[in-house]
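Please read through the structure below; I'll follow up with questions.
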Amino acid sequence: MVGDYDVDGVVSSTIMSEFFTDIGIPITLIIPNRFRDGYGINEKLLERIDADVIITVDNGISALQAAEVCKQRGIDLIITDHHTVPETIPDAYAIVNPKQEDCPFPYPEICGAQVAW
Ligand SMILES: [Mn+2]
């Protein structure tokens with residue numbers, strides 16, 4: 001799982017980590033270092049991730065290149081985010097973002113932690 005270093009990102013990461021721990025699924029949490037790794041899931045960060053599935057929390061909706069790398073490597077990328085949806089969205093296995101036009105959820109302005117929850 002790839003989180004974010006701000007408050008929303010850390011809470012998102014905690015909620016999702018606790019869920020997988022509670023149901024007995026091993027999960028590795030990576031919160032990118034703002035200075036060394038940059039923001040969110042990205043190509044550089046992917047160099048040190050070996051996984052079958054990657055879930056993002058509070059980031060990922062603009063990660064076009066990272067999604068491409070995941071696809072090439074056979075990694076299922078599940079993006080959960082609440083940030084503004086760009087014109088072109090990542091080619092991911094799944095995207096959960098209430099700001100997507102076709103999302104029926106009635107509250108598009110929720111935070112990333114609520115999306116994760
Ligand atoms: Mn956020």
Side-chain angles (χ1 to χ4, degrees):
M1 180 170 57
V2 177
D4 188 22
Y5 40 70
D6 70 359
V7 171
D8 191 27
V10 171
V11 175
S12 304
S13 300
T14 303
I15 289 169
M16 192 77 82
S17 293
E18 283 189 351
F19 170 73
F20 283 108
T21 302
D22 285 352
I23 64 170
I25 303 292
I27 188 163
T28 302
L29 168 62
I30 296 176
I31 294 182
N33 178 292
R34 183 180 215 144
F35 303 105
R36 194 186 62 216
D37 304 317
Y39 167 77
I41 189 168
N42 59 60
E43 288 170 282
K44 193 178 159 200
L45 192 70
L46 281 169
E47 288 172 10
R48 59 183 173 99
I49 298 177
D50 182 24
D52 301 318
V53 179
I54 297 175
I55 302 173
T56 69
V57 290
D58 193 33
N59 78 90
I61 196 63
S62 300
L64 299 176
Q65 286 157 346
E68 202 48 53
V69 172
C70 286
K71 203 165 188 194
Q72 285 165 11
R73 289 177 50 190
I75 300 168
D76 289 338
L77 175 64
I78 299 171
I79 294 168
T80 80
D81 201 352
H82 71 121
H83 292 101
T84 301
V85 179
E87 221 164 272
T88 307
I89 57 170
D91 185 6
Y93 182 82
I95 298 177
V96 182
N97 184 328
K99 286 196 175 80
Q100 290 184 105
E101 262 178 34
D102 59 348
C103 179
F105 189 71
Y107 307 107
E109 298 302 330
I110 58 174
C111 65
Q114 193 169 350
V115 177
W117 179 80

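Please read all numbers here as calculations on a predicted model, not as lab measurements.
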- What distance separates Asp50 CG from Arg73 CZ, expressed to the nearest 0.5 Å? 6.5 Å
- Nearest 0.5 Å, what's the CE-CD1 distance between Met1 and Ile55? 7.0 Å
- Query: At their closest point, which heavy atom of Gly3 faces which heavy atom of Pro32, and how far apart are they?
  - Reply: O-CD, 3.2 Å
- Message: Determine whether a donor-acceptor pair (N or O, by modelled atom type, separation under 3.5 Å) exists between the side chain of Asp4 and the backbone of Gly40.
- Response: no
- Consider only side-chain heavy atoms of I, L, V, M, F, W and Y, link residues closer than 4.5 Å, and tell whether Val10 and Phe35 are in one cluster.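 Shared cluster, no.
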- Task: For the pair Asp76 (side chain) and Tyr93 (backbone), establish whether a donor and an acceptor sit closer than 3.5 Å, ignoring hydrogens and angles.
- Result: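 No: the side chain of Asp76 does not pair with the backbone of Tyr93.
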- Taking all atoms of both residues into account, what is the closest heavy-atom pair of His82 and Lys99, and its distance?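 So the minimum-distance heavy-atom pair works out to O-NZ, 2.6 Å.
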- What pair of heavy atoms forms the shortest contact from Ala116 to Ser12, and how long is it? CB-O, 3.9 Å
- Message: If I take atom NE2 from residue His83 and atom CG from residue Asn59, how far apart are they, to the nearest 0.5 angstrom?
- Response: 8.0 Å
- Step through the shown structure and confirm whether more than 12 heavy atoms of other residues, nucleotides or ligands are within 6.0 Å of CG on Asp22.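 Yes, enclosed.
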- Query: Hydrophobic clusters join Ile, Leu, Val, Met, Phe, Trp and Tyr when side-chain heavy atoms are under 4.5 Å apart, directly or via other members; which others share one with Val69?
  - Reply: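 For the cluster that includes Val69, the remaining residues are Val2, Ile30, Ile41, Leu45, Leu46, Ile49, Ile54, Ile61, Ile75, Leu77, Ile79, Val85, Ile89, Ile95.
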- Item | Non-neighbouring partners of Tyr107 that pass ring pair (Phe, Tyr, Trp, His ring centres under 6.0 Å), sequence neighbours left out |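 Applying ring pair (Phe, Tyr, Trp, His ring centres under 6.0 Å) to Tyr107 gives Phe105.
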- Query: Atom CD of Glu68 and atom CD of Glu43: how far apart are they, to the nearest 0.5 Å?
  - Reply: 9.5 Å
- Query: Once you round to the nearest 0.5 Å, how far does CE of Met16 lie from OG1 of Thr80?
  - Reply: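 If I round to the nearest 0.5 Å, the distance is 4.0 Å.
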- From OH (Tyr39) to CG (Asp58), nearest 0.5 Å: 6.0 Å
- Item | Counterpart residues, salt bridge (charged side-chain N to carboxylate O under 4.0 Å, His left out), relative to Lys71 (two or more places apart) |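 Lys71: salt bridge (charged side-chain N to carboxylate O under 4.0 Å, His left out) contacts with Asp91.
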